[in-house]
Amino acid sequence: MDRKTIDMVNRIMDTGRMGYAYVYPSDGGTIEKGHPMGEENPREEYLIATTPENMADFISSHRDAQRITVTDIADRPLLDVGGGFINGNPGPGIRTKIINRLAKIQTGEMAAGEVLQLERSKSDAYFAAEDRAVTMAEYGMELG
C-alpha cells in the first residue's frame with residue numbers, strides 16, 4: 001500500500017463524511033483489462049468525501065459522464081446527477097450548496113478545488129489491510 005493511498009483515505013475520513021461515487025461514462029463503458037467476466041465495466045467507482053464542496057468539485061471534474069450516483073458509506077443513495085439535473089436529498093441545504101458551487105465553477109467565478117477521491121479498488125484494499133492489522137493485534141492480545 002503506497003503512502004499516497006493512505007494519506008487520501010485519511011483526508012477523506014477526516015472530513016467526517018464519506019461515501020461512494022459511481023461514474024457512468026457517456027461512451028457506455030470500457031473493457032477493463034483482467035475483468036473476471038471479460039465483460040464491459042460500465043462504471044468507475046470511487047471513495048469520496050461527501051461534503052457539499054467535494055461533491056460539487058467531483059461532479060465538475062466528471063462533466064462528460066452520462067450519470068453520476070453518490071451514496072453514503074452504507075451504499076444508500078444520496079444523489080444522482082444526469083442530464084443536467086441533480087436528484088436526491090443528501091441532507092438539509094446540501095443540495096443547494098452543491099448547486100451554488102457548481103454554478104460558480106461553471107461560470108468561471110471560481111475554480112474547483114482538489115477532489116478528495118480514491119479509486120474504490122484502492123480504498124477496499126486499504127480497509128482490508130486495516131481489518132487484518134486489527135485482527136492480528138486482537139489475536140496478539142489473546143496470546144498475552
Side-chain angles (χ1 to χ4, degrees), residues 1-140:
M1 177 115 6
D2 64 13
R3 186 81 227 157
K4 190 175 177 182
T5 297
I6 294 167
D7 289 344
M8 183 55 73
V9 170
N10 288 329
R11 291 178 64 198
I12 291 169
M13 288 194 302
D14 285 347
T15 67
R17 296 184 54 118
M18 64 181 188
Y20 297 109
Y22 303 98
V23 179
Y24 298 84
S26 58
D27 66 2
T30 57
I31 301 293
E32 184 178 294
K33 204 172 206 176
H35 191 274
M37 300 301 286
E39 300 170 356
E40 282 195 33
N41 182 15
R43 67 183 185 195
E44 299 166 3
E45 300 181 3
Y46 300 91
L47 174 73
I48 68 167
T50 56
T51 62
E53 299 80 15
N54 197 65
M55 286 192 286
D57 293 346
F58 183 85
I59 292 165
S60 73
S61 73
H62 291 88
R63 290 182 189 156
D64 59 339
Q66 177 183 3
R67 189 171 127 222
I68 298 171
T69 300
V70 179
T71 69
D72 65 12
I73 198 67
D75 228 9
R76 294 178 296 230
L78 292 177
L79 60 93
D80 193 65
V81 180
F85 295 99
I86 297 177
N87 300 305
N89 187 13
I94 293 177
R95 189 167 176 262
T96 302
K97 288 178 183 177
I98 293 169
I99 291 169
N100 289 341
R101 185 172 178 97
L102 273 173
K104 289 177 182 176
I105 293 168
Q106 290 171 344
T107 60
E109 187 177 327
M110 72 180 299
E114 178 189 9
V115 180
L116 299 180
Q117 70 178 28
L118 185 65
E119 292 172 18
R120 174 95 184 244
S121 59
K122 290 182 179 182
S123 67
D124 287 349
Y126 171 89
F127 292 124
E130 188 176 70
D131 286 346
R132 283 190 301 275
V134 168
T135 300
M136 293 303 291
E138 289 173 350
Y139 181 69

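From a predicted model like this one, the values you see are computed outputs, not experimental measurements.
Taking the side chain as every heavy atom from C-beta outward, Asp124 and Glu45 never approach each other to under 4.5 Å. Residues Leu79 and Ile98 are in side-chain contact: their nearest non-hydrogen atoms beyond the backbone lie under 4.5 Å apart. Using a 4.5 Å cut-off on side-chain heavy atoms (C-beta onward), Glu44 and His62 make contact. Annotation: side chain of Asn10 is in contact with side chain of Tyr126 (closest heavy-atom distance under 4.5 Å). Residues Glu130 and Val9 have side chains not in contact (no heavy-atom distance under 4.5 Å, counting atoms from C-beta outward).
Remark: Asp64 engages no residue in a side chain to side chain contact (heavy atoms under 4.5 Å, CB included) (not counting sequence neighbours). Among residues two or more places apart in sequence or in another chain, the side chain to side chain contact (heavy atoms under 4.5 Å, CB included) test is passed with Asn89 by none. Contacts of Ile73 classified as side chain to side chain contact (heavy atoms under 4.5 Å, CB included), with partners at least two apart in sequence or in another chain: Met18, Tyr20, Leu47. The salt bridge (charged side-chain N to carboxylate O under 4.0 Å, His left out) test applied to Arg101 returns Asp57, not counting sequence neighbours.
Applying the side chain to side chain donor-acceptor pair (under 3.5 Å) rule to pairs touching residues 76-88 yields Arg67-Asp80, Thr69-Asp80, Asp72-Arg76, sequence neighbours excluded.
Separating the CD1 atom in Ile86 from the CE atom in Met55 is a distance of 9.0 Å, to the nearest 0.5 Å. The distance from atom CG of Asn54 to atom CD1 of Ile12, rounded to the nearest 0.5 Å, is 7.5 Å. Note that CD1 of Ile68 is 7.0 Å distant from OG of Ser61, once rounded to the nearest 0.5 Å. With rounding to the nearest 0.5 Å, the separation of CG in Leu102 from CZ in Phe58 is 12.0 Å. The structure places CD1 of Ile48 at 11.5 Å from CE of Met8, a figure rounded to the nearest 0.5 Å.
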Anything under 3.5 Å between a donor and an acceptor, one on a side chain of residues 109-119, the other on a protein residue two or more places apart or in another chain? List them.
from   : atom 1 : to    : atom 2 : distance (Å)
Glu114 : OE1    : Arg11 : NH1    : 3.3
Glu114 : OE1    : Arg11 : NH2    : 2.8
Glu114 : OE2    : Arg11 : NH1    : 3.1

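Looking only at atom types and distance, the side chain of Asp2 has a donor-acceptor partner in the side chain of Thr5 under 3.5 Å away.
The two residues Val23 and Pro25 have their closest heavy-atom pair at O-CD, 3.4 Å. Here the closest heavy-atom approach between residue Pro52 and residue Lys97 is recorded as CB-CB, 3.7 Å.
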